[in-house]
Structures are given as structure tokens and as C-alpha cells.
**Q** 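Take a look at this one; I'll ask things after.
For reference, positions follow the sequence shown, starting with 1.
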Amino acid sequence: MQTLPKPTNLESGVDSFLTSIPAGYYTIANVEELKSLLKKSQPMLVDVREPSEYRSGHIPNAINIPLRTLSHNLNQIPRDAFGGLRLRPVVLYCSSGYRSAMGVMTLHLLGYENVRGFPPSFAAWKTAGEAIATGR
């Protein structure tokens with residue numbers, strides 16, 4: 001009989017983190033929900049696609065921080081404040097939802113609690129006929 005290796009503290013911590021996530025907690029489920037959030041909370045939109053993808057079209061007012069450079073640009077992303085004060089919410093999106101999910105999990109593991117993903121992605125925004133900005 002094969003025995004499994006004992007989990008490390010890191011593995012235990014990651015497991016604890018992942019099992020504590022309420023269903024749907026870190027996501028914005030559809031375009032209408034994002035539009036509502038944009039009107040009432042004015043979140044920071046972060047497009048985690050590559051610069052060429054961003055330049056070809058993005059959600060208006062989004063900034064571009066490619067996923068592979070996210071940890072080098074933490075100074076651009078507001079973090080929850082101490083003492084119960086809430087900072088501006090942050091919404092990550094990409095072209096299909098994969099990169100934004102990786103970005104959301106990365107930021108949550110780094111202590112960001114004000115970050116959510118938009119898994120319907122830029123593709124759903126575009127399909128819905130919403131405004132699209134181009135260029136930088």
C-alpha cells in the first residue's frame with residue numbers, strides 16, 4: 001500500500017484557503033452585474049491580457065496589467081484598508097476567464113480581499129454590444 005506524503009504547511013494553507021471560498025464569492029457572473037457594479041462602486045478594471053490584446057479592444061477605463069507581470073505591478077492595485085475601511089473594488093478580466101481566475105487567486109493569496117473576477121470575460125462584454133475602447 002502506497003502512503004501519500006504528508007502535506008507541507010504551504011499545502012495545508014492553500015487547501016484551507018481554497019476550501020474556505022464561498023461559491024461565486026470572487027466572481028461577477030454576467031455583463032449586467034458588471035454594469036451595475038460599474039455604476040454604483042466604480043471599481044478599478046484590470047485587463048490581464050497581453051498589451052496587443054488590450055490595444056485591439058478593452059472595456060472602457062480598464063488598465064492593462066498582463067497576468068505574467070501582475071506581481072511586479074501590485075503598487076497599481078488598491079488593497080483593502082485596515083480598520084474596516086474599504087477601498088475601491090478591483091475587477092480582473094481577460095479574453096476567456098482563465099487568466100483572470102489565476103490573477104484573482106494570486107491576489108487573494110497575497111492578501112487582497114477587494115478583488116473579483118469577471119469570468120464571462122471581454123468576449124461576453126463584446127458580444128453584449130457594450131462600449132469598447134481601443135489603443136492605450
**Q** Which residues pass the side-chain contact (heavy atoms from CB on, under 4.5 Å) test with L74, sequence neighbours left out?
**A**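 By the side-chain contact (heavy atoms from CB on, under 4.5 Å) rule, L74 matches L107, L110, Y112.
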
**Q** Between R88 and P78, which heavy-atom pair has the shortest distance, and what is it?
**A**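 That would be O-CG, 4.0 Å.
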
**Q** Under the side-chain contact (heavy atoms from CB on, under 4.5 Å) rule, collect the residues that match up with A128, sequence neighbours excluded.
**A**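 Applying side-chain contact (heavy atoms from CB on, under 4.5 Å) to A128 gives V31, E130.
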
**Q** Begin from the C-alpha positions of E32 and S36 and carry the test side chain to side chain contact (heavy atoms under 4.5 Å, CB included) through to its verdict.
**A** CA-CA 6 Å; E32 289 305 316; S36 175; over 6 Å; no

**Q** How would you list, by chain and number, every residue that makes a side chain to side chain donor-acceptor pair (under 3.5 Å) with N61, sequence neighbours excluded?
**A**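 N61: no side chain to side chain donor-acceptor pair (under 3.5 Å) contacts found.
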
**Q** Side chain to side chain contact (heavy atoms under 4.5 Å, CB included) for I65 and I77? Distances and angles first, verdict last.
**A** CA-CA 10 Å; I65 303 176; I77 303 169; 4.1 Å; yes

**Q** State which residue, out of N73, T69, D47, fulfils the side-chain contact (heavy atoms from CB on, under 4.5 Å) condition with N64.
**A**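 Result for side-chain contact (heavy atoms from CB on, under 4.5 Å) with N64: D47.
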
**Q** Is H108 reaching over with its side chain to a backbone N or O of V115, donor-acceptor style, under 3.5 angstrom?
**A**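 Looks like yes, one N/O pair under 3.5 Å.
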
**Q** Can you find a heavy atom in the side chain of L37 that is under 4.5 Å from one in the side chain of V91?
**A**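 Yes; the side chains approach each other to less than 4.5 Å.
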
**Q** Show the numbers, then the answer: is there a side chain to side chain contact (heavy atoms under 4.5 Å, CB included) between V104 and R116?
**A** CA-CA 6 Å; V104 168; R116 295 169 70 189; 5.8 Å; no

**Q** If you look at every heavy atom in S121 and G97, which pair is closest and at what distance?
**A**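 That would be CB-N, 3.8 Å.
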
**Q** How many angstroms lie between atom CG of L67 and atom CG of L92, to the nearest 0.5 angstrom?
**A**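 These two atoms lie 8.5 Å from each other.
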
**Q** So, for S95 and A123, which heavy atoms are closest and what is the spacing to 0.1 Å?
**A**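 It is O-CB, 3.7 Å.
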
**Q** Under the salt bridge (charged side-chain N to carboxylate O under 4.0 Å, His left out) rule, collect the residues that match up with K126, sequence neighbours excluded.
**A**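 Listed in chain order: nothing, the list is empty.
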
**Q** What are the two closest non-hydrogen atoms of I59 and Y93, and how far apart are they?
**A**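 Smallest heavy-atom distance, with atoms named: N-OH, 3.0 Å.
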
**Q** Shortest non-hydrogen contact from P60 to A131?
**A**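 Shortest heavy-atom contact: CD-O, 3.2 Å.
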
**Q** Could you go step by step and tell me if V90 and V46 meet the side chain to side chain contact (heavy atoms under 4.5 Å, CB included) rule?
**A** CA-CA 7 Å; V90 177; V46 179; 3.9 Å; yes

**Q** Please list, one pair per line, the donor and acceptor atoms closer than 3.5 Å that link side chains of residues 50-57 to other protein atoms, with sequence neighbours excluded.
**A**
residue: E50; atom: OE1; partner: R68; partner atom: NE; Å: 3.1
residue: E50; atom: OE1; partner: R68; partner atom: NH2; Å: 2.6
residue: E50; atom: OE2; partner: R68; partner atom: NE; Å: 3.1
residue: E53; atom: OE1; partner: E50; partner atom: N; Å: 2.8
residue: E53; atom: OE1; partner: R99; partner atom: NH1; Å: 2.9
residue: E53; atom: OE2; partner: R99; partner atom: NH2; Å: 3.0
residue: Y54; atom: OH; partner: H58; partner atom: NE2; Å: 3.4
residue: Y54; atom: OH; partner: A62; partner atom: O; Å: 2.6
residue: S56; atom: OG; partner: E53; partner atom: O; Å: 2.8

**Q** Do E33 and N30 meet the criterion of a side-chain donor-acceptor pair at a distance under 3.5 Å?
**A**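 No, N30 and E33 have no side-chain donor paired with an acceptor closer than 3.5 Å.
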
**Q** Could you list all the ring-ring contact (aromatic ring centres under 6.0 Å, His included) pairs where at least one residue sits in residues 116-136, not counting sequence neighbours?
**A**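 For residues 116-136: none.
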
